[in-house]
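The structure appears right after this line, and notes come after that.
In listed order, ligands and their atoms are each counted from 1.
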Amino acid sequence: MPIYHKLGEIPPKRHTQFRKPDGELYHEQVFGTIGFDGMSSILYHNYPPTMVKEIKKPVDVTPNVAVGNNITARLLKGFDVEPKDDFLAAREPILTNSDVTLHLAAPKKSMTNYFYKNSEADELLFIHKGTGTLRTMFGNIEFEYGDYLLIPRGVIYQIEFNSEDNRLLITESNVPIYTPKRYRNWFGQLQEHSPYCERDYKLPENLETHDEKGEFMMKIKKEGMLHTLHYASHPFDVVGWDGYNYPYGFSIHNFEPITGRVHQPPPVHQTFETSAFVVCSFCPRMYDYHPKAIPAPYNHSNIDSDEVLYYVDGDFMSRKHVEEGFISLHPAGIPHGPHPGAYEGSIGKKSTNELAVMVDTFKPLKVTENALKIDDGKYYKSWLKD
Ligand SMILES: [Fe+2]
């Protein structure tokens, strides 16, 4: 997160004495990435963040792969994923490779009796349905329909929902998720051509500072296992922090589409960047305005990437029989394009109200057992003429 932010109380100089009203020292924690080379923050805790009391037996949460070598285009009915009470139990891995796992989740209940940390993957939550509060050691972020919540690895959080009707797409990334470098200048500031800017971010606010000792359960994901540790102090005991490494939100509705006289390629929709995949936002926009423009996309060979499109809302111009919450997977190795009739049928249309999130991975995705349960099974034949 390349803008500086701070909340609460911090000492004027880092790594110097910072004392509580009773004279005891606060406990400083440097929270950095890529050794000491990446973005970092410095937090000040009431108690050391190290006080482990007990470690329980871990649970294996590795995705169950059903199709390891996939060349089949697929259509997954995302809203067929069953709602479950618990946030972690509700997360169903759908597509996975060694860099990234995509999950669908319909959690009903807020996380109240434990805290959660993904220790080795950034998590990008896309809120398709639901409102609530992401509570973290860095402060809280209110969320609603259309929000991306980017939670860097290592951030301890709880998620609170205002109702039981929630639908999330979760991108769990073993490589860091950044804003695209080409949108930023050499200082890190988002430039004029970027489809969004710093004002659009939802930064953490309302830092919660607990001063409690006792028994606090934390579930920690590491190497495909979910560990349960009990800590002796409340995980949200930070009195202040500053830096660049912290969770933030961004609404897809604040993404300003880039349009042109002829069809613009997917990179104009890019929202996030990693070394292993990109995330793009397809938002309501004016269509191409060349007098002979064809608004529907051309057939294309995604030679280097598997394309995953998650349909959020609106009509999907180039696809038949697609509903909200559906996911299309267009695997690398075979071309894809508009469905029969959609190419010609798009001519003359002026605008679209489609809303979708795309995740294109550079390594092929494996299809899980969960995905096969919601696979329509016939999508790969959908380009045959009726
Ligand atoms: Fe495509």
Side-chain angles (χ1 to χ4, degrees), residues 67 70-78 94-97 99-100 102 124 126 169 171 180 182 195 252 255 257-260 262-274 276-288 293-347 349 351-367 371 375-376 378-385:
V67 182
N70 180 57
I71 200 162
T72 305
R74 295 173 189 274
L75 190 66
L76 311 176
K77 299 178 175 184
I94 300 294
L95 300 165
T96 188
N97 65 26
D99 301 316
V100 59
L102 301 177
L124 181 67
F126 177 76
L169 169 70
T171 304
R182 70 177 192 281
I252 196 169
F255 186 93
I258 295 167
T259 59
V262 295
H263 190 80
Q264 297 294 296
V268 300
H269 307 282
Q270 192 176 351
T271 313
F272 298 103
E273 172 179 280
T274 76
F277 63 93
V278 297
V279 178
C280 298
S281 303
F282 287 80
C283 297
R285 62 194 180 278
M286 302 305 290
Y287 273 142
D288 325 323
I294 304 175
Y298 30 77
N299 296 303
H300 53 282
S301 290
N302 39 323
I303 290 168
D304 299 324
S305 60
D306 273 23
E307 291 187 10
V308 178
L309 200 55
Y310 178 83
Y311 300 94
V312 181
D313 203 358
D315 294 327
F316 301 102
M317 169 223 357
S318 56
R319 302 266 164 264
K320 287 193 295 190
H321 313 308
V322 165
E323 297 171 24
E324 61 170 2
F326 279 22
I327 292 177
S328 62
L329 168 64
H330 298 132
I334 51 173
H336 63 282
H339 280 137
Y343 200 48
E344 181 80 39
S346 72
I347 293 172
K349 294 201 172 149
S351 64
T352 174
N353 60 356
E354 70 179 1
L355 192 67
V357 173
M358 189 170 81
V359 181
D360 282 6
T361 65
F362 307 151
K363 285 185 199 154
L365 287 160
K366 300 174 194 307
V367 180
D375 188 342
D376 91 330
K378 56 188 182 187
Y379 179 71
Y380 69 97
K381 291 185 178 178
S382 60
W383 288 272
L384 297 173
K385 291 228 181 218

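- Here the N, O or S atom of E307 that is nearest to the Fe ion (ligand 1) is OE1.
- Counting only distance, with no hydrogens or angles, the side chain of Q264 and the backbone of V262 share a donor-acceptor pair below 3.5 Å.
- Look at H330 and the Fe ion (ligand 1): no N/O/S atom of the residue is under 2.8 Å from the metal.
- Rounded to 10 degrees, the NE2-metal-NE2 angle spanning H336 and H300 at the Fe ion (ligand 1) equals 90°.
- One distance of note links CG of L355 with CZ of F282; it measures 11.0 Å at 0.5 Å rounding.
- Without hydrogens or angle criteria, D288 side chain to A293 main chain gives no donor-acceptor distance under 3.5 Å.
- Ring pair W383/H339 is tilted by interplanar angle, where 30° to 60° counts as tilted.
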